[in-house]
Amino acid sequence: MKIIPKEEAGKIYLGKTGRDSQLRKNLLLLQVGEVLELEGGEWTKSSSPGYVVTYITRKLNRTFEYRKKADGTGWLFRRLS
């Protein structure tokens with residue numbers, strides 16, 4: 001077991017059980033202006049990861065810009081607000 005200091009504990013997102021994917025957890029941890037890179041092999045679902053961004057935008061009022069990488073090997077997500 002390990003005790004986590006208060007400063008580090010604030011950076012950890014515990015999340016809910018159920019619909020939390022690793023992508024959603026990482027998007028919720030992003031600060032404004034930060035970029036998250038998702039490699040193509042990390043996303044195994046048949047739909048695009050854009051639906052996760054749309055859900056967060058609608059429910060939590062955070063906006064993101066996301067695009068497929070130019071070489072087609074994954075996606076980039078930037079938090080705008």
Just verifying a value: how many Å separate [X] [atom1] and [Y] [atom2], rounded to the nearest 0.5 Å?
X	Y	atom1	atom2	answer
E42	Q22	CD	CD	9.0 Å
L36	R79	CG	CZ	12.5 Å
N26	E37	CG	CD	12.5 Å

Please find the pair of heavy atoms, one from [X] and one from [Y], that lie closest to each other, and give the distance.
X	Y	answer
W43	S48	NE1-C, 4.0 Å
R24	Y55	NH2-CE2, 4.1 Å
W75	G40	CZ3-CA, 4.0 Å

Hey, does [Y] have a side-chain heavy atom less than 4.5 Å from the side chain of [X]?
X	Y	result
L38	L23	yes
L28	L60	yes
R78	R67	no

*Take E39 and T73 through the side chain to side chain contact (heavy atoms under 4.5 Å, CB included) test and state the conclusion after the steps.*
CA-CA 6 Å; E39 295 296 327; T73 60; 4.2 Å; yes

*Starting from the C-alpha separation in whole Å, work towards a yes-or-no answer on side chain to side chain contact (heavy atoms under 4.5 Å, CB included) for N61 and T57.*
CA-CA 5 Å; N61 204 21; T57 300; 6.0 Å; no

*For Y66, enumerate each residue passing the side chain to side chain contact (heavy atoms under 4.5 Å, CB included) test, keeping only those at least two apart in sequence or located in another chain.*
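Applying side chain to side chain contact (heavy atoms under 4.5 Å, CB included) to Y66 gives V53, T54, F77.
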
*Do the side chains of F64 and Y51 join up, straight or via other hydrophobic residues, at under 4.5 Å, putting them in one cluster?*
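Both belong to a single hydrophobic cluster.
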
*Have T63 and S81 got a donor and an acceptor in their side chains that come within less than 3.5 Å?*
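The answer is yes; a qualifying pair exists.
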
*How does the hydrophobic cluster around V35 look, that is, which other residues are in it when side-chain heavy atoms under 4.5 Å mark a link?*
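Its cluster mates, by chain and number, are L76.
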
